Amino acid sequence: MVKVSIIGSGNVAQHLIQAFEKSTETELIQVFSRKKDTVSHLIAKEKITNNYNELKEADVYIISVSDNAISKVSSELPFQEKLVVHTSGSIDMTALDSKNRKGVFYPVQTFSKNKPVNFKSIPLCLEIENQDDYTILEKIAKSISDRIYTIDSPQRKSLHVSAVFVCNFVNHLYHIGNEICENSNIPFDILKPLIKETAEKVMLLSPNEAQTGPAIRNDHKTIEAHLAFLTNETQKNIYKIITQSIQENVKKL
Ligand SMILES: NC(=O)c1ccc[n+]([C@@H]2O[C@H](COP(=O)([O-])OP(=O)(O)OC[C@H]3O[C@@H](n4cnc5c(N)ncnc54)[C@H](OP(=O)(O)O)[C@@H]3O)[C@@H](O)[C@H]2O)c1
């Protein structure tokens with residue numbers, strides 16, 4: 001069985017631990033966590049270490065720590081010539097220390113510790129420095145997910161920017177919608193079927209086909225009324241720039 005170790009104990013690491021614990025083709029032999037308690041509800045205590053020198057022999061070491069700590073953590077590993085991968089969408093594979101064989105194991109999903117996910121449906125983007133290592137990385141990927149992609153560092157950068165638009169920015173727009181509702185004593189729940197339908201529609205139609213609203217209708221009267229309603233300058237600017245982007249896109253079609 002392929003032996004995997006996870007270094008990190010945050011949102012992604014905790015979901016990876018649960019996915020590998022379920023897998024029958026890989027063995028999660030150890031987790032490095034600075035504070036052992038953080039992951040003690042997910043894995044046997046004897047498999048948790050907070051000391052790099054105690055890391056056992058594994059086929060793949062998955063570093064899933066904050067982006068700005070990946071380089072430092074990879075250089076602190078006390079071994080050489082092992083396969084070491086990170087899980088970041090935005091960090092280049094070359095950020096990993098050259099004393100080990102490098103790779104990337106990027107799951108394209110938004111993870112929060114307390115929100116369960118079905119790992120099988122999460123796309124895993126793989127990149128590898130030495131082609132000989134692809135088989136083993138693919139094997140561990142396939143053991144937890146049904147969607148495996150080979151994506152190089154420049155492609156991953158594009159994918160990550162795209163993910164910020166479709167996930168992080170969209171979620172912030174939910175926040176603005178929530179704030180506007182709260183100011184008028186309207187429960188955010190009223191908007192949830194609309195949010196759900198918007199996400200479901202784009203599974204069947206292209207984003208262009210799915211677009212509705214005053215911007216695509218070029219409804220100046222409504223747009224002006226909405227801008228007059230908004231008092232927060234940042235929200236006004238977001239409204240204007242997204243309206244402009246929708247209208248410029250229509251001209252290109
Ligand atoms: N969250 C997502 O939705 C998501 C999705 C895809 C990919 N990713 C990527 O996955 C990686 C982990 O993200 P995350 O959201 O799981 O982060 P997170 O929840 O913020 O957790 C960060 C982890 O890094 C550890 N850490 C930070 N600095 C460290 C250091 N100097 N030495 C050792 N450990 C250190 C933290 O340990 P302590 O708890 O001890 O501070 C914690 O375990 C990142 O590369 C991120 O870009 C995240």
Side-chain angles (χ1 to χ4, degrees), residues 4 6-23 28 31 33 38-39 41-43 62-70 73 85-93 95 103-127 137 140-181 188-189 191-207 210-211 234 238 242 245:
V4 176
I6 294 172
I7 297 160
S9 55
N11 293 305
V12 173
Q14 292 203 14
H15 283 288
L16 283 174
I17 292 170
Q18 294 171 74
F20 282 117
E21 282 285 84
K22 274 191 221 147
S23 160
L28 179 59
V31 174
S33 173
T38 315
V39 289
H41 60 297
L42 298 173
I43 187 165
I62 303 176
I63 297 182
S64 191
V65 300
S66 320
D67 285 349
N68 59 11
I70 292 172
V73 167
V85 302
H86 73 63
T87 62
S88 175
S90 59
I91 301 292
D92 213 272
M93 180 171 66
V104 178
F105 195 80
Y106 167 50
V108 188
Q109 188 49 281
T110 170
F111 296 95
S112 298
K113 279 171 205 160
N114 300 322
K115 166 70 177 66
V117 293
N118 171 14
F119 225 104
K120 282 278 164 201
S121 65
I122 295 176
L124 275 173
C125 298
L126 309 183
E127 185 179 2
L137 197 61
I140 68 157
K142 281 187 172 166
S143 78
I144 58 169
S145 169
D146 294 332
R147 298 186 188 194
I148 315 300
Y149 296 85
T150 309
I151 298 282
D152 63 22
S153 282
Q155 285 176 312
R156 190 157 36 80
K157 224 163 256 171
S158 313
L159 185 59
H160 193 244
V161 173
S162 185
V164 167
F165 273 97
V166 305
C167 169
N168 308 135
F169 287 175
V170 167
N171 191 66
H172 183 69
L173 297 179
Y174 295 160
H175 164 77
I176 294 176
N178 186 26
E179 216 168 61
I180 294 169
C181 277
F188 184 58
D189 274 1
L191 289 176
K192 286 184 181 168
L194 176 63
I195 290 171
K196 196 161 180 270
E197 176 62 15
T198 309
E200 280 172 6
K201 200 157 62 153
V202 85
M203 302 297 144
L204 301 172
L205 306 178
S206 73
Q211 189 67 53
T234 305
I238 292 172
I242 295 182
S245 180

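Basis for what follows: all heavy atoms, side chains included, without hydrogens, waters or symmetry-related copies. This is a predicted model, so every value here is computed, not measured.
Under the rule for a side chain to side chain contact (heavy atoms under 4.5 Å, CB included), the partners of Asp67 that lie at least two apart in sequence or sit in another chain are Ile70, Ser88, Ser90, Ile91. Checked against side chain to side chain donor-acceptor pair (under 3.5 Å), Glu127 has the following partners two or more places apart in sequence or in another chain: Ser153, Arg156. With sequence neighbours left out, Tyr149 forms a ring pair (Phe, Tyr, Trp, His ring centres under 6.0 Å) with no residue at all. Listed by chain and residue number, Lys196 satisfy the salt bridge (Lys or Arg N to Asp or Glu O under 4.0 Å) test with Glu200 (two or more places apart in sequence, or in another chain). Partners of Lys142 according to the salt bridge (Lys or Arg N to Asp or Glu O under 4.0 Å) rule, which considers only residues two or more places apart in sequence or in another chain, are Glu138. Every ring pair (Phe, Tyr, Trp, His ring centres under 6.0 Å) that Phe119 has, sequence neighbours left out, goes to Phe111. His41 meets the ring pair (Phe, Tyr, Trp, His ring centres under 6.0 Å) test with no other residue; sequence neighbours excluded. The side chain to side chain contact (heavy atoms under 4.5 Å, CB included) test applied to Ser9 returns Ser33, Thr38, Val39, not counting sequence neighbours. By the side chain to side chain contact (heavy atoms under 4.5 Å, CB included) test, Cys181 pairs with Ile186, Leu191, sequence neighbours left out. Listed by chain and number, the residues in a ring pair (Phe, Tyr, Trp, His ring centres under 6.0 Å) with His160 amount to none (sequence neighbours excluded). Among residues two or more places apart in sequence or in another chain, the side chain to side chain contact (heavy atoms under 4.5 Å, CB included) test is passed with Lys192 by Phe188, Asp189.
Taking CD1 of Ile148 as the start and CZ of Phe105 as the end, the distance is 7.0 Å to the nearest 0.5 Å. A distance of 6.5 Å separates NZ in Lys120 from OG in Ser143, rounded to the nearest 0.5 Å. Atom CG of Leu28 sits about 4.5 Å away from atom CD1 of Ile6, to the nearest 0.5 Å. The structure places OG of Ser64 at 10.0 Å from CD of Gln14, a figure rounded to the nearest 0.5 Å. With rounding to the nearest 0.5 angstrom, the CD1 atom of Ile151 is 14.0 Å from the NZ atom of Lys157. To the nearest 0.5 Å, atom CD of residue Glu21 and atom CG of residue Leu42 are 8.5 Å apart.
Nearest heavy-atom pair, Ala199 versus Met203, reported as atom, atom and distance to 0.1 Å: O-CE, 3.4 Å. What you find for His86 and Asp92 is that their closest heavy atoms are NE2-O, 3.4 Å. The nearest pair of heavy atoms linking Gly8 to Val65 is CA-CG1, 4.0 Å. What you find for His15 and Val117 is that their closest heavy atoms are ND1-CG2, 3.5 Å.
Side-chain contact check for Ile140 versus Ile144: every heavy-atom pair is 4.5 Å or farther apart. Using a 4.5 Å heavy-atom cutoff, the side chains of Pro107 and Thr87 are in contact.
Of the possible donor and acceptor atoms, one in the side chain of Gln155 sits under 3.5 Å from a partner among the backbone N and O of Asp152. One N or O on the side chain of Ser145 and one on the backbone of Arg147 form a donor-acceptor pair closer than 3.5 Å.
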Validation: residues 167-179 side-chain donor-acceptor distances under 3.5 Å, sequence neighbours left out:
{"unit_1": "His175", "atom_1": "NE2", "unit_2": "Glu179", "atom_2": "OE2", "d": "3.3"}
{"unit_1": "Glu179", "atom_1": "OE1", "unit_2": "Gln235", "atom_2": "NE2", "d": "3.0"}

